[in-house]
Amino acid sequence: MAGILIIATGNSSARKFAMAASILTFLVSLPLYFGFDTSTAAMQFTENVAWLPSFDVNYAIGVDGISMPLIILTTMINVIVVISAWEVIKDRPAVYLGAFSIMTGLMIGVFSSLDAILFYVFFEATLIPMFLIIGIWGGPKRVYATVKFFLYTFLGSVMMLIAIIYMYVEGGSFSVLDLHALALNEQQQFWIFLAFLAAFAVKIPMWPVHTWLPDAHVEAPTAGSAVLAAIMLKMGGYGFLRFSLPIAPDASAGMDTFMIVISLIAVVYIGFVALAQRDMKKLIAYSSISHMGFVTLGIFVAFQLIAKDDMSGVALGIEGAIIQMISHGFISAAMFLCVGVMYDRVHSREIADYGGVINTMPIFAAFMVFFAMANAGLPGTSGFVGEFMVILASFKANFWIAFLAASTLILGAAYTLWMVKRVIMGPVGNDKVAALTDINTREFWMLGLLAIFVLLIGVWPNVIGNVMHASVDNLVQQISTTKY
Amino acid sequence: MDNLQIATPEIFLLAATCAVLVVGLFVNAKSNTVYWLSQLSLLVALLMSFTQSGGGDAVTGMSGAYTLDSFSSTLKTWLLVVSIGVLLYSRDYVGDRKIQRSEYFVLCLFATSGMMIMVSATHMLTMYLGLELLALSQYALVALHRDNSRAAEAAMKYFVLGALASGMLLYGMSMIYGATGSLDLNVIGQILAGTASDSPSAERTVGARFGLTFVIVGLAFKLGAVPFHMWVPDVYEGAPTSVTMFISTAPKIAAFAMLIRLLVGGLETLNADWQQMLAIMSALSVVVGNLIAIAQTNIKRMLAYSTISHVGFLLMGVVGVTNEGYSASMFYAITYAFTTLAAFGVLLAASREGHDVEVLDDLAGLGKRNAFLASIMMLSMISLAGVPPAVGFYAKLSVLQAAVGAGFAWLAILGVIMSVVGAFYYLRVIKMMFFDEPTDSVEIKVAGDVTAGLAVNGLAVIGFGLAPGLIMSASIAAFS
């Protein structure tokens, strides 16, 4: 299965063309799921073409149980994004949709590349379309936000580049699978882990390097925020699973306490920060950081369990982290789109400007409440599954980790539901809200599709759980054996 | 006097230049005859040097003074391509600004001949000859806008400092001659390596080492590496933009070739000495160039400091002291030249008579005024910042790889941190063009062939980014 690059060019027909292209991409990516062999951890659908022989870089791609769900998520979100931009973007729609299509192709590339340089190229190249999307179609402070976004993430990833080059000099190959097998001593692993941490921690983002995210989210256009939250953040979590852990397992084990602590700070402290927000987009952005804290927590709590020799718990934590990534992809995209729907009508993101939306937009309010519940981790929605698995794994490791992590269920409920109360419930707040019209068919489909997926994963998590078991077991095997 | 045919492109170009010079006296100053004749000469020279490149083994002629190998033919080909681009982009600019047109083109041709000689020279005298032919033409080019006091000042600075650097270089060469008794770089290499019949005593190596220091000072000046970079911003700012474009592109390739010929061809046995010097200059150039560029509001000065930082990266590959490192630097020099060419090409195209694009604010809203020019500029900036998939990324990747491989990991880390700093001011240009509102509503007219040239140039920046193998394999072949 090739990384699909669609470049939507053209003019007035760009919308229809982009729609067709995104649906086609989604359909083409489906055989990845249905044709997936769940019994093996080996890479599937691989392709390997010598790309730059003089650099020893290959166009090597393939998927396993960890990357495949993320690819489906990417293509799926792209369809939603095209729907969301249908009427809203009036300034240069062709360029806008083209940028999103290119970015989708690049993100699929990130999740499928099996060559470290190819990965780096895709990883970095996604910055350019996002930079332009925020910069051209963003809000009033867009320039500050987009430059901060670009430089922050660029600084992180160049460190990764040095680590990749260093490993090439040591081992003579850029292939990810060769890097997994590369023998490195403690000191080397430590520095390589730090370099990758610089790249991925910024991307996820982890506390305390998260400050670019609220700015970028608030200023980005709705679809930009959705893609940023739904997919780009996952590139960081995926990077940990694909690079940091297998390449530097001993360093990861050595750093686990540190990582767990900063994950918990993200979960709890950022949860409180979210509580204090007045801007809806900022609130959701902080809630994203808090939820991504669960991902890193699930990944690194695994090392505590390895020390206790509880292998099923290890797999539980990591699978929980992956499910949390997928689920957060759907939920955060949905939340941003909900805010976008209101913003298109009222042109304000301030919570105080709303109140009693349920009276004028009942269908929309139902969706909004549903997604808010999912965001807070209501059982039956996908938000619950990942969080529950991670908390369960933490509980096996240490009661206090689990205690702090579980506090997010309360905090998350508090900030999301409080926002819902102020925005959706109550009497009609002002004239603008009174003049609102309910969502149209386009918006209904956009939110409805997301709701179906959120429910599907919530009631039947094995739909993604099954495909990842073999890969996760293999990963657990890799990280529990020392490299020296 | 044997083997003259190895120098056919140079001989042809020089003869053609003289012919163009004479023709220039008789044609109407407003006609484009001189321009087309110049382009034709460059094109024929390009074809000649391109057909030479298939040769394979190195051929030395003129008693060891001149060498044709795949290194020289590859670089010459690129030199000529870049020069053709320079003439194309600057045609309308010089036409509009009452610069003596025929002199402008003839001086460019002379400078190009000088660079070609530098690339092939394996004898210190030929090398110096080529260098001075280039340098004198450049001094005159900077001063060509004679009513402009800034240009005159820049030319004066350039000339005084350039002469000083040439003096340093000559002094170093004379010390090396004293130590080894030869000016032929191949012979010097053999003598210093101890393979010649009269192997060197310790004192003689010390003499050569002393000379090496002065040679490096001279080279660093020509490249514009810190701490010998003071002339670069002033000259870039003062010179007419078309001349700045010329100075900042092709001569960097030639200076790189001279560096390789001298240090690797002649003085490789002293690499423990020059490796340290180059590492320090590389680190300083990367830091100073990138940090000071942030503070610039004049885009030509900004690009000047950006050049300094790129020279730092260029030296990073040479610091590796391996064939991979040298070819990485060669790749860097070539890609840097045509990427910068695109950036200046856009600046020239966006300028009009009486209103040059000089400060960053002049670029504001270029994306709305002319989306094509703005996209080419954006590609060029992305490439200079080293963001994939543009070609500049692979250039950085290969020199960083060379530096890490040689145990200079600190230099590589410094380099990438500074490239993030660099990304800031390149992004600022993109921001100006796409996110800001235009301050100037005059329509930008670009000639058809210039548009085509810029399109090809922009395609090269992104195309070689997707498939850098072509230039890279040529660069590797040059050092094997």
Side-chain angles (χ1 to χ4, degrees), chain A residues 5 50-57 59 91-92 95 102 106 109 117-128 131-138 142-170 172 174 191 195 198, chain B residues 324 327-328 331 367-368 371 375 378-379 381-382 385-390 393-394 396-407 409-410 412-424 426-428 430-436 465-477:
Chain A
L5 274 172
W51 179 36
L52 315 170
S54 40
F55 282 110
D56 206 5
V57 173
Y59 185 79
D91 178 22
R92 288 178 274 183
V95 186
I102 291 173
L106 293 172
I117 291 293
L118 191 66
F119 174 82
Y120 181 81
V121 168
F122 283 129
F123 194 81
E124 286 289 84
T126 51
L127 292 180
I128 302 170
F131 175 75
L132 294 177
I133 287 168
I134 301 178
I136 297 177
W137 292 278
R142 60 184 193 270
V143 173
Y144 168 76
T146 193
V147 170
K148 187 173 179 182
F149 157 74
F150 191 101
L151 291 182
Y152 235 116
T153 39
F154 192 52
L155 177 65
S157 41
V158 288
M159 294 300 157
M160 172 170 79
L161 178 65
I162 292 284
I164 293 173
I165 293 175
Y166 178 78
M167 288 189 287
Y168 177 75
V169 171
E170 289 292 307
F174 280 128
W191 289 108
Chain B
E324 290 79 38
S327 44
F331 182 69
K368 291 207 177 70
S375 331
M378 182 177 79
L379 280 179
M381 290 295 126
I382 286 174
V387 179
F393 164 68
Y394 299 96
K396 283 220 167 66
L397 173 67
S398 54
V399 293
L400 290 175
Q401 206 171 320
V404 173
W410 63 270
I413 291 174
L414 188 69
V416 294
I417 292 177
M418 282 302 142
S419 72
V420 177
V421 175
F424 173 74
Y426 296 123
L427 282 184
R428 194 167 55 183
I430 302 181
K431 176 220 129 189
M432 284 277 178
M433 294 189 303
F434 286 98
F435 308 161
D436 290 2
L466 296 174
L470 197 63
I471 310 180
M472 197 65 207
S473 50
S475 307
I476 288 173

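Residue numbers start from 1 in every chain, and the chains themselves are labelled A, B, ... in the order their sequence lines are given, proteins ahead of strands.
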| field | Approximate separation, where rounding is to 0.5 Å, of L427(B) CG and L151(A) CG | value | 5.5 Å
| Between K431(B) and V143(A), which heavy-atom pair has the shortest distance, and what is it? | CD-CG1, 3.2 Å
| query | Relative to chain B, which segment of F131(A) carries a heavy atom at a distance below 4.5 Å: side chain, backbone, both, or neither? | reply | both
| Part of V158(A) lying under 4.5 Å from any heavy atom of chain B | both
| Side chain / backbone / both / neither for L400(B) at chain A, heavy atoms under 4.5 Å | both
| Contacting region of I128(A) [heavy-atom separation from chain B under 4.5 Å] | side chain
| Distance in Å, L161(A) CG paired with F393(B) CZ, rounded so as to fall on 0.5 Å steps | 5.5 Å
| query | Would you say V387(B) and F150(A) make side-chain contact, with heavy atoms under 4.5 Å? | reply | yes
| note | If one checks every heavy atom of I162(A) against chain B at 4.5 Å, the contacting part turns out to be side chain
| message | Is Y168(A) close to chain B through its backbone or its side chain, or both, or neither, when contacts mean heavy atoms under 4.5 Å? | response | side chain
| CE-CD1 distance between M159(A) and I413(B), expressed to the nearest 0.5 angstrom | 6.5 Å
| chain B contact via I117(A) - which portion, at a heavy-atom distance below 4.5 Å | side chain
| message | Between S157(A) and chain B, with a heavy-atom cut-off of 4.5 Å, which part of the residue counts as in contact: side chain, backbone, both or neither? | response | neither
